[in-house]
Structure formats: C-alpha cells, structure tokens
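Below is one structure, written out as structure tokens; the observations come after it.
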Amino acid sequence: MKILSLICAALVSMAANAQSWPQKPVRFIVPFAPGGATDIAARMLGEKLSQMWGHSVVIENRAGAGGALGAAEAARAAPDGYTLFFPSGSVMTANQHVYAKLSYDPDRDFVAVTNVVSGPQVLVVPANSPYKTVKDLINAARADPGKLTFGHAGIGTQTHLAAENFLYQAKIDGVSVPYKGEAPALAGLVGGEINFALTNMAAAIPHVNGGRLRALGVTSLEEAPQLPGVPPIAKTLPGFENAGWFGIVAPAGTPKDVVEKIARDVRDVLAQPEVRDQFLQQGATPVGGTPAEFAQLIEEDRKRYAQIIRERNITAE
C-alpha cells in the first residue's frame, strides 16, 4: 500500500509539473539564418504559443555547418523544456551521414516532441534566367555537364538534399554552392550568383510573387495551390517527389510530461483555422503528431537520406 501511495504521489507531482510549465520564457533554437522556411515556421508557431503560455517564445538563430552549430548548442542546454530545438528534417536525419565528426548525436542527445509542418520544395531560377521549364534546365545541364550551379542552405541540409535528389533522378550534375541558410541562398539566386535552387516554398513564394524569381516546378506529385500554374517536376521526371519537414525536439532528459504537454499545445495551436490557413498559404501542411509518431518519422528519414547521400557521395568536413 505504501509503494502504491508513493507511485500515486509521483504521478500527481508529474502532472502538476506539466500543468505549471512554463513559468518563464521558452527558447527556440533555429539552426539557420532568419528568413528561411525553418525560421518562418518557428516564428509563426512561437507567436501563437507565446499567447497560449503567457510567456514569450524567443527565437534564437544559430546558423552554420548545415544546422550542426545550433544542434550542438541545443544539445548542451538544460533538459527542462525551456530550451527547444526547431530544426528542419536534415539536421536530425542526414548530418550524421554527411559529416565525419559531429559535436552532437541526433539520436542520443535529443528526444522527439512533435512534427510541426511538412511540405514540398520548389525549383526556382532568377527572373531573367533563360530557363523557362524544368526540361530547359535539364537540357542545359546535359549539354554542358558540371557547369550549372545550385545554391542551398548548407551541405547536407534539406534544400541541398532536395537538389541532389533532383540531379540524381534527372541523371545530370551541377556545382553545389553552400550558403549559411536558405534566405542567403535565395538572395544569391536573385542576384544571379547561381543558376537555380530547390528551396522550401515558404521562403521562395515572396520572391516568386515579387517577380524576382521564376518557379519552374514543385516537388509534390500534384500542383501546389500556392503556386498556380507551376507544374510538378514529376511531369518531366515521372515519379519524382520530395518533401521536407520542420519540427521540435528537446534535449535528452527533458521530463516526459513536459514533452507531451508541448506536443499537445502545438497540436492545439495548429488546429486553429487561422493558423492552419497561415501555414497553408506558405506552402506548409500542419502536422502536430505525437512524440512517438515523430520519432518514427525521424528514423524512417534517416534511412532514406542515407541512401541519397551514399548515391551522391555527399561529404563535409
């Protein structure tokens, strides 16, 4: 009876801790520069969670090494729920296959909280580019192998792997040009420093709508409503599909009840019609799954990215 009473008391204490959390501002570490799709998603969600929690959600951008710098900082944080890591999928699933040495272990140092949003990428070129279609770009790459340049958020990032997957499926090659984030890569593309990019829709849409970039194709199998008239790349490369996600993980050791509360609260925010519509306008589909569902997705993507990285021989120091 005494043991049962202790167990009940512990469970009550855990529930009380979760209910009282948070009692101060929460930090989201975003491992890329401001203005990219990861940053946009984190800020949109953080604003709503701030209102729900009654405490600020502070976005801290820690760009570099394909997201590894931000990941290492988040891994060292106290496991109390007040520092959360908001990566794109590649940081948790691809970096360990790309970098010979990492200052963090995606599996050991973090616990899954929830997948926030997922969505396709879009193939974009400068507005004055001679390439009007996906076929134009592929033909140019085949005519002059290794000449076309493509930009991305860093070696092994989601935007890099999307482009490498496209090159692999199209049986063409190009010169990889890494930037310190998706927004700088798009700025480089607008400025004519590179020929193309396969970038997340949330970051590209303002440039496409503003006439600075031309969208050639989307990586979903169907046309994206946010970019009417832009065909799926699969129209040219049958079966081609690529998608990315942005989610929340916490330092290993974060109390399970706090992890579950964060996941529930994110799910409640994403269920709000205005929030859902806001994300959909950015080309991202709200998810809000459970920690267990998110952990399974991470594991599946690790296997998928390992194959792409091996086939394309992608490495970084």
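Just the heavy atoms: all of them, side chains too, but no hydrogens, waters or symmetry mates, feed the values below. Because the structure is predicted, anything quoted here is derived from the model rather than measured.
Cluster annotation: L148 and V177 are assigned to distinct hydrophobic clusters (Ile/Leu/Val/Met/Phe/Trp/Tyr, side-chain heavy-atom contacts under 4.5 Å, transitive). L123 and I308 end up in different hydrophobic clusters when Ile, Leu, Val, Met, Phe, Trp and Tyr side chains are linked at under 4.5 Å. Cluster annotation: V190 and I40 are assigned to distinct hydrophobic clusters (Ile/Leu/Val/Met/Phe/Trp/Tyr, side-chain heavy-atom contacts under 4.5 Å, transitive). Clustering ILVMFWY residues whenever any of their side-chain heavy atoms sit less than 4.5 angstrom apart, transitively, puts F28 in the very cluster that holds M52. Hydrophobic clustering (side-chain heavy atoms under 4.5 Å, transitive across Ile, Leu, Val, Met, Phe, Trp, Tyr) keeps L69 apart from V30.
L221 forms part of no hydrophobic cluster, judged by ILVMFWY side-chain heavy-atom separations under 4.5 Å.
Side chain of R142 to main chain of A170: a donor-acceptor pair is present (N/O by atom type, distance under 3.5 Å, no hydrogens or angles). R302 places no side-chain N or O within 3.5 Å of a backbone atom of Q96 that could act as its donor or acceptor partner. The backbone N or O of K147 lies less than 3.5 Å from no partner atom in the side chain of D144, so there is not a single donor-acceptor pair. Looking at R212, its side chain does come within 3.5 Å of a backbone N or O of P206 through a donor-acceptor pair. Judged by distance alone, with hydrogens and angles left aside, the side-chain atoms of S129 form no donor-acceptor pair with the main-chain N or O of V125 at under 3.5 Å. Formation of a donor-acceptor pair under 3.5 Å by the Y99 side chain with backbone atoms of I155 is found in this model. Judged purely by atom type and a 3.5 angstrom limit, T114 uses its side chain to pair as donor or acceptor with the backbone of G289. Panel note: side chain T149, backbone N195; a donor-acceptor pair is recorded below 3.5 Å.
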Output, in order, the C-alpha distance, side-chain angles, deciding distance and verdict of side-chain hydrogen bond (donor to acceptor under 3.5 Å, both in side chains) for E293 and N115. CA-CA 8 Å; E293 290 169 338; N115 187 3; over 6 Å; no
Determine whether F32 and D39 satisfy the following criterion, side chain to side chain contact (heavy atoms under 4.5 Å, CB included), listing intermediate values before the conclusion. CA-CA 7 Å; F32 300 108; D39 179 71; over 6 Å; no
Carefully, step by step, assess L213 and L189 under the rule side chain to side chain contact (heavy atoms under 4.5 Å, CB included). CA-CA 8 Å; L213 294 178; L189 184 61; 3.6 Å; yes
Salt bridge (charged side-chain N to carboxylate O under 4.0 Å, His left out), that's the test. Do R27 and E73 meet it? Break it down for me. CA-CA 12 Å; R27 181 169 64 142; E73 180 176 340; 2.9 Å; yes
With side chain to side chain contact (heavy atoms under 4.5 Å, CB included) as the criterion, how do V269 and L49 come out once you've worked through the C-alpha distance, each side chain's angles and the decisive distance to 0.1 Å? CA-CA 7 Å; V269 166; L49 288 175; 3.7 Å; yes
Show, in sequence, the C-alpha distance, side-chain angles and deciding distance for F196 and Y131, and conclude whether the ring pair (Phe, Tyr, Trp, His ring centres under 6.0 Å) test is met. CA-CA 10 Å; F196 71 95; Y131 313 122; 8.5 Å; no
Steps toward side chain to side chain contact (heavy atoms under 4.5 Å, CB included) verdict (F166, I172): CA-CA 9 Å; F166 168 69; I172 57 176; 4.2 Å; yes
Residues H152, S176; criterion side-chain hydrogen bond (donor to acceptor under 3.5 Å, both in side chains); working and verdict: CA-CA 8 Å; H152 50 79; S176 165; 2.6 Å; yes
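The heavy-atom pair separating A252 from P79 by the smallest distance is O-CB, 3.4 Å. Of all non-hydrogen atoms in A127 and G211, the two that sit nearest each other are CB-O, 3.2 Å. Residues V91 and P31 come closest through the heavy atom pair CG2-CG, 4.3 Å. The nearest pair of heavy atoms linking A203 to L186 is O-CD1, 3.4 Å. The two atoms that bring L280 and P286 nearest to each other are CD2-CD, 4.1 Å, heavy atoms only. Across every non-hydrogen atom of H160 and I314, the tightest pair is CE1-CG2, 3.6 Å.
The closest side-chain donor-acceptor pair between Q278 and Q282, if any, does not fall under 3.5 angstrom. In summary, the side chains of T199 and Q121 do not present any donor paired with an acceptor at a separation below 3.5 Å, with no hydrogens or angles considered. Checked by atom type, the side-chain pair Y104/N95 shows a donor-acceptor distance below 3.5 Å.
Here the options are S50, P22, P25, the test is side-chain contact (heavy atoms from CB on, under 4.5 Å), and the partner is V57; only S50 passes. Among I233, V218, N165, L198, the single residue meeting the side-chain contact (heavy atoms from CB on, under 4.5 Å) criterion with N242 is N165.
The shortest side-chain heavy-atom distance between V116 and F86 falls under the 4.5 Å cut-off. With contacts defined as side-chain heavy-atom distances shorter than 4.5 Å, the pair R304/D301 qualifies. Under the 4.5 Å side-chain criterion, counting only non-hydrogen atoms from C-beta, V208 is in contact with L227. With a 4.5 Å cut-off on side-chain heavy atoms, R267 and T290 count as touching. Under the 4.5 Å side-chain criterion, counting only non-hydrogen atoms from C-beta, R310 is not in contact with H97. Inter-residue side-chain proximity for I309 and L161 is flagged as met; some heavy-atom pair is nearer than 4.5 Å. The side-chain heavy atoms of V258 and K261, taken from C-beta on, include no pair separated by under 4.5 Å. Residues V259 and V111 have side chains in contact (heavy-atom distance under 4.5 Å, counting atoms from C-beta outward).
Of the inter-residue distances, the one linking I248 atom CD1 with L84 atom CG reads 6.0 Å to the nearest 0.5 angstrom. Taken from OG in S118 to CG in N200, the straight-line distance is 11.0 Å, to the nearest 0.5 Å. Atom CD of E311 sits about 10.5 Å away from atom CG of N313, to the nearest 0.5 Å. The NZ atom of K235 sits 8.5 Å away from the CD atom of E223 when rounded to the nearest 0.5 Å. Taking CD1 of I59 as the reference point, atom CD1 of I29 lies at 10.5 Å (rounded to 0.5 Å). Rounded to the nearest 0.5 Å, atoms CG (D265) and CD (E260) are 12.0 Å apart.
For E222, the CD atom counts as loosely surrounded, since its 6.0 Å shell holds 12 or fewer non-hydrogen atoms of other residues, nucleotides or ligands.
Under the 4.0 Å criterion applied to side-chain N and carboxylate O atoms, R264 and D268 are not assigned as salt-bridge partners.
Among residue pairs with one or both ends in residues 236-282, those qualifying as ring pair (Phe, Tyr, Trp, His ring centres under 6.0 Å) are W245-F294; sequence neighbours excluded.
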